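As the structure is a prediction and not an experimental result, all values here were calculated from the model.
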Amino acid sequence: MAGLSLEHIWKKYPNGYEAVKDFNLEIADKEFIIFVGPSGCGKSTTLRMIAGLEDISSGTLKIGDKVVNDVESKDRDIAMVFQNYALYPHMTVYDNMAFALKLKKVPQAEIDKAVREAARILELEKVLDRRPSQLSGGQRQRVAMGRAIVRSPQVFLMDEPLSNLDAKLRVQMRAEIAKLHDRLGATIIYVTHDQTEAMTLGTRIVVMKDGIAQQIDSPTSLYNKPNNLFVAGFIGSPQMNFVDAKFNGSELEAGGTKFEIPAEKAAVLKEKGYTGKTVVMGVRPENVYDAKAEALCKLTSAFNAQITVFELLGAEVQLYFDFAGASMSAKVGQGSRAAVGDTVSFAFDTDKIHVFDKETEQAIVH
């Protein structure tokens, strides 16, 4: 296995469109790195440049200690798993997994050992003589991974490998991939638009937007300390609530309600010159409470709002409401008796409030 280094990587097409802009990332050996972001953010383009399927316009890409900008894809010692499996329909599972090794003229005994070991790891031993059409979606994806594993590459690249699976299978395969990473001690770079996949799989996550890495951090840090409004809104489901608020020196005021914030947060806002200015206040749905039911809340921050949507999510209930011109949501227990049209008294956990600059959209304080 090996680490990677991406230094000032750009991808510019002949028509002038810049898909990736000044991308920098050091990936340690055995890391599980996730590229996540909306469609068109540059995550798959970056992966394809690492794979050698796209030319790098400028910058330096190293795999291990070797610069590979001009090295052909087949010579980069990487293996790629695609979302459409890309299996040969006329070949058995065994032959699909063995194909790349046969092309390299690896001795048959070594091929057999590698294929059967990969099949054991992926629980495919009983289907080695079947063809792809006889397999479930999850089994096909495991075959695609097995084909990558047998090559023992330095780096595994996975481009939205679970997007064609149904919800239940995606959850199962996420667990399989996590176990696979632990077993192989592999360096994996994984592209997804699904932030739940990103949060559950990655040791570090690269959040991308418009070809630019917005934040590179651990899942916990991304969730608790997002760099800007985009990251705060993209990471977390349902997304963070945002509302414009005015800082008066010790409190944030929105919709006629004053929210008393911790002294240390107020001190940072004062020091940075935000007194009297409008900022963006952010609070996650799980930090919005039913003010009457939750003893944790300060009633000084309570406000009334009418429920517009009620969603029962098993053990939790998601309540949607409008406040100060913004659409917001609260994640509460299933014992909530609120219904659409009811007026409920809500309160924010002010210790968990995030504050962002309205103009730059950068985080000021968490």
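- A salt bridge is defined here as a Lys NZ or Arg NE, NH1 or NH2 lying under 4.0 Å from an Asp or Glu carboxylate O, and E110 with K113 fails to meet this definition.
- The local environment of CG in D65 is sparse, with at most 12 non-hydrogen atoms from other residues, nucleotides or ligands closer than 6.0 Å.
- In terms of modelled atom types and a separation under 3.5 Å, the side chain of R170 and the main chain of S163 share no donor-acceptor contact.
- Residues satisfying the salt bridge (charged side-chain N to carboxylate O under 4.0 Å, His left out) test with D166, not counting sequence neighbours, are none.
- Environment of CD in Q108: crowded, with over 12 heavy atoms of neighbouring residues, nucleotides or ligands closer than 6.0 Å.
- With V365 as the partner, the side-chain contact (heavy atoms from CB on, under 4.5 Å) test is satisfied by one option alone out of K225, E264, H354, K265: K265.
- Residue-environment remark: CD (E123) stays at or below the threshold of 12 foreign heavy atoms within 6.0 Å.
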If you apply the rule side chain to side chain donor-acceptor pair (under 3.5 Å), what do you find for D29 with T187, and how did you get there? CA-CA 6 Å; D29 185 24; T187 304; 3.3 Å; yes

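- Looking at E54 and K11, a side-chain N of the basic residue comes within less than 4.0 Å of a carboxylate O on the acidic one, giving a salt bridge.
- A donor-acceptor pair is defined here as one N or O able to donate and one able to accept, closer than 3.5 Å; such a pair exists between the side chain of N15 and the backbone of Y17.
- For the pair K352 and F348, the cation-pi test (distance below 6.0 Å, angle within 45°) is failed.
- A distance-only check finds no donor-acceptor pair linking the side chain of N96 to the backbone of R147 [under 3.5 Å].
- A salt bridge links D95 and K102; the closest N-O separation between the charged side-chain nitrogens and carboxylate oxygens is under 4.0 Å.
- Residues D129 and T92 bring no donor and acceptor atom of their side chains to less than 3.5 Å of each other.
- In this structure, the side chain of Q306 engages the main chain of G341 through a donor-acceptor pair within 3.5 Å.
- With rounding to the nearest 0.5 Å, the separation of NE2 in H181 from CE in M158 is 9.5 Å.
- No side-chain donor-acceptor contact under 3.5 Å links R142 to the backbone of L124.
- Under the 4.5 Å side-chain heavy-atom criterion for grouping Ile, Leu, Val, Met, Phe, Trp and Tyr, L184 is connected to L162 within one hydrophobic cluster.
- Residues T343 and N304 bring no donor and acceptor atom of their side chains to less than 3.5 Å of each other.
- A continuous path of ILVMFWY side-chain contacts below 4.5 Å connects L122 to L135, so both sit in one hydrophobic cluster.
- Y190 and F35 have their aromatic ring centers separated by at least 6.0 angstrom.
- Using bins of under 30°, 30° to 60° and over 60° for the plane-to-plane angle, the ring pair F230/F234 lands in the parallel bin.
- Ring centroids of F346 and F321 are separated by less than 6.0 Å, placing the two rings close together.
- Relative to the six-membered ring of Y223, R284 meets both conditions, a distance below 6.0 Å and an angle of at most 45° to the axis.
- Judged by distance alone, the side chains of T192 and E160 never bring a donor and an acceptor atom under 3.5 Å apart.
- Connection of L53 to I78 is established within a shared hydrophobic cluster, with ILVMFWY side chains joined at heavy-atom distances below 4.5 Å, either directly or through further cluster members.
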After noting the C-alpha distance and the side-chain angles of S237 and Q239, does the key distance pass the side chain to side chain donor-acceptor pair (under 3.5 Å) rule? CA-CA 5 Å; S237 180; Q239 75 162 44; over 6 Å; no

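- A donor-acceptor contact shorter than 3.5 Å links the side chain of Q195 to the backbone of G236.
- Judged by distance alone, the side chain of R151 and the main-chain N or O of L101 form no donor-acceptor pair under 3.5 Å.
- Side-chain heavy atoms closer than 4.5 Å link hydrophobic residues (I, L, V, M, F, W, Y) into clusters, and following such links, possibly through other members, connects F82 to V155.
- Scanning all heavy atoms of the two residues, the minimum distance from L252 to A245 falls at CB-CB, 4.2 Å.
- Side chain of D55 to main chain of S57: no donor-acceptor pair is present (N/O by atom type, distance under 3.5 Å, no hydrogens or angles).
- A salt bridge is defined here as a Lys NZ or Arg NE, NH1 or NH2 lying under 4.0 Å from an Asp or Glu carboxylate O, and R204 with D217 fails to meet this definition.
- Checking E26 against S5 by side-chain atom types alone, a donor-acceptor pair falls below 3.5 Å.
- At least one donor-acceptor pair closer than 3.5 Å links the side chain of N241 to the backbone N or O of V283.
- The shortest distance between side-chain heavy atoms of W10 and K21 falls below 4.5 Å.
- Linking ILVMFWY side-chain heavy atoms closer than 4.5 Å, directly or via other members, places I353 and V280 in two distinct hydrophobic clusters.
- In this structure a side-chain-to-backbone donor-acceptor pair under 3.5 Å is missing from H366 to N227.
- Judged purely by distance below 3.5 Å, without hydrogens or angles, the side chains of E7 and N24 never pair a donor atom with an acceptor atom.
- Nearest heavy-atom pair across T275 and K270 is OG1-CG, 3.8 Å.
- Two residues are said to be in side-chain contact when any heavy atoms from C-beta on lie closer than 4.5 Å; I149 and E117 fail this criterion.
- Checking D210, I56, I212, T45 one by one against V20, the side-chain contact (heavy atoms from CB on, under 4.5 Å) holds for a single residue, T45.
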